[in-house]
**Q** 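What follows is a structure written as structure tokens; I'll ask about it next.
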Amino acid sequence: MHCDPRFSRVREVFERHFADGEELGAAFAVYQDGELVVDLWDGVADRNTGRPWERDTPAFAYSCTKAVTATVLLQLAERGLVDVSAPVAEVWPEFAARGKAAITVEHLLTHQSGLPVLEEPVPVEEFEDQAAIAARLAGQEPLWEPGTAHGYHALTYGFLVGEVVRRVTGKSVGELVAAEIAGPLGLELWVGAPDEVIPRTARLKAAERPQALKVTEAGAAPTGEGAAPAGAGPAATGESAATTGAGPAATGAGDGGQGRPDDLVAAMTRAALDPQSLMNRALGNPAMHRVQGGANNPVILRAGWPAAGLVTTARGLAGFYRSLAAGDILRPETLRDATRTRVNGPDRVLLLDTAFGLGYMRPSLTFLMPSGSAFGHSGMGGSIGLGDPERGLGIAYVMNKMANALSGNLRGIRLVEAVYQSL
């Protein structure tokens, strides 16, 4: 392990998490101005076998994938192959069906398309057939008028953006990540793990089932204790009884983040415990728990879903953001425009306020950052990847002990805060 003395506080926080029993296995990495200043790992990668977490142990990072997928599409935009402001139907004609002709690529990237759920359960045999899943979405109508509101497209984001990429290039997001980003830059990062990587991937331990929160606990919500990270939710843990394919009504999701904090926490609790809420329907279909072991199953690790299919080391994900900040993946002007906040406010799916640029999360209750110039994406259970061009930072945290959706996850946030305090 390596930790520059300037960042000794980061190591102290990392080690305290293990001493306090908050971690099973985890890794944290930081690049500053291109230099690897923090590279920490500890614990066990598989609690069943006792396999230790090694320097090259990757982990499944859920929605951290979305930022990588957005970057692939933005590379195509730089080359003139995709117009972000143009209708999706220009490259995917079938998508225009059922009132979707005016939906733009930007609407997909900013969670404004009104397609946060797959209305019919996706069969397991389709889990590795992204085009088939995308075709299902092409046949649906939006749940709200596109462009008038945003709601976290937890899984559909990837099938939608991924299909645009496939229509333009004939390749999957995972293939382009390997050829255009991870391969040339030497990053331990895959959207869809190769067979030789799967055996050394950390085995996730699912979060505890959510329990109803007392109103007296609501005061924690604004500071992050009750803030579910984007990509979090009981349906996605593999332990939920979430029913997919429910109708369009979103029980418990009515206030969209409005009202007093105690009302908001109560609404979030209801939504998390309601199998037919918009939150659970968005997070639970395709249902990873339908395959044995959920996200630990090779089918999921290999599938490379562009919204939740990233397998990476902390060093690999931090290196991705290092390279973004340095202008090695996108031109600086492209990144500046992509990280400009496009939507900010009540999220129809997560209920809390969320903020997005073109596929990248911006600071909000669901992306608690010490710096307004930070961008990136969190993942279900607590993983985080972020960049901060103003400070030359690339940071990533991955782990295998999943955080509960309602109690939130402060481990990664504490580590990020320790980095900024060390600058």
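Positions are given from 1 along the sequence. This one's a predicted model, so the numbers in the text were calculated from it and none came from an experiment.
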**Q** Side-chain contact test, heavy atoms from C-beta onward, threshold under 4.5 Å: evaluate it for Thr312 versus Pro58 and give yes or no.
**A**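 Counting from C-beta outward, Thr312 and Pro58 never come under 4.5 Å.
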**Q** State plainly whether the residues Glu35 and Arg322 are in salt-bridge range, i.e. N to O under 4.0 Å.
**A**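 Not counted as a salt bridge, because no side-chain N and carboxylate O are separated by less than 4.0 Å.
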**Q** Are any of the side-chain heavy atoms of Ile395 and Tyr321 separated by less than 4.5 Å?
**A**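 With C-beta onward as the side chain, the pair stays apart.
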**Q** Count the heavy atoms belonging to other residues, nucleotides or ligands that lie under 6.0 Å from CZ of Arg51, then report whether that count exceeds 12.
**A**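 Yes, enclosed.
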**Q** Kindly indicate whether the side chain of Ile103, heavy atoms from C-beta on, has any atom under 4.5 Å from the side chain of Pro87.
**A**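 No; the side chains remain at least 4.5 Å from each other.
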**Q** Is the count of non-hydrogen atoms from other residues, nucleotides or ligands lying under 6.0 Å from Gln292 atom CD greater than 12?
**A**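 No, because the 6.0 Å sphere around CD of Gln292 holds 12 heavy atoms or fewer from other groups.
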**Q** For residues Val165 and Ser172, determine if any side-chain heavy atom of one lies less than 4.5 Å from a side-chain heavy atom of the other.
**A**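 A side-chain contact under 4.5 Å is absent here.
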**Q** Going by ring pair (Phe, Tyr, Trp, His ring centres under 6.0 Å), Trp305 matches just one of Tyr62, Phe159, Phe60. Which one?
**A**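 Exactly one candidate clears the test, Phe159.
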**Q** Only one of His153, Glu106, His150, His107 passes side-chain hydrogen bond (donor to acceptor under 3.5 Å, both in side chains) with Ser113; say which it is.
**A**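 Looking at His153, Glu106, His150, His107, the match for Ser113 under the side-chain hydrogen bond (donor to acceptor under 3.5 Å, both in side chains) is His153.
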**Q** With a 4.5 Å heavy-atom cut-off, do Phe375 and Leu335 have their side chains touching?
**A**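 The answer is yes; the side chains approach within 4.5 Å.
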**Q** I'd like to know whether Arg281 forms a side-chain hydrogen bond (donor to acceptor under 3.5 Å, both in side chains) with Gln276, so could you lay out the CA-CA distance, the side-chain angles of the two residues, the decisive distance to 0.1 Å, and finally the verdict.
**A** CA-CA 6 Å; Arg281 289 165 54 214; Gln276 296 188 21; over 6 Å; no
**Q** Quick one: does Arg411's side chain have a donor or acceptor within less than 3.5 Å of a partner on Met399's backbone?
**A**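 Between the backbone of Met399 and the side chain of Arg411 there is no qualifying donor-acceptor contact (under 3.5 Å).
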**Q** Pair Tyr360, Phe356 - check ring pair (Phe, Tyr, Trp, His ring centres under 6.0 Å), show working.
**A** CA-CA 6 Å; Tyr360 303 115; Phe356 294 96; over 10 Å; no
**Q** Would you check if the side chain of Arg290 reaches a backbone N or O of Val122 as a donor-acceptor pair within less than 3.5 Å?
**A**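 The answer is yes, because a donor-acceptor pair under 3.5 Å joins these two groups.
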**Q** Are Gln130 and Glu163 close enough that some pair of their side-chain heavy atoms sits under 4.5 Å apart?
**A**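 A side-chain contact is absent here, since even the closest heavy-atom pair is not under 4.5 Å.
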**Q** Can you tell me if Arg362 uses its side chain to pair, donor with acceptor, with the backbone of Ala374 under 3.5 Å?
**A**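 Flag set: sc Arg362 to bb Ala374 pair under 3.5 Å.
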**Q** If we ignore hydrogens and angles and just use 3.5 Å, is the side chain of Asn296 paired with the main-chain N or O of Arg203 as donor and acceptor?
**A**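 Flag not set: sc Asn296 to bb Arg203 has no pair under 3.5 Å.
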**Q** Quick one: does Asp46's side chain have a donor or acceptor within less than 3.5 Å of a partner on Asn48's backbone?
**A**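 Pair found, side chain donor or acceptor close to backbone of Asn48.
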**Q** Under 3.5 Å, side chain of Lys66 to main-chain N/O of Ala307, donor-acceptor pair present?
**A**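 Side chain of Lys66 to backbone of Ala307: a pair is present.
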**Q** Is there a donor-acceptor pair closer than 3.5 Å between any side-chain N or O of Trp144 and the backbone N or O of Ala149?
**A**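 At least one qualifying donor-acceptor pair exists.
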**Q** Give me the one residue out of Thr366, Asp347, Thr354 that meets side chain to side chain contact (heavy atoms under 4.5 Å, CB included) with Tyr152.
**A**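 Only one option passes, and that is Asp347.
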**Q** Kindly indicate whether the side chain of Val10, heavy atoms from C-beta on, has any atom under 4.5 Å from the side chain of Tyr420.
**A**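 In short, these two side chains do not touch, never coming nearer than 4.5 Å.
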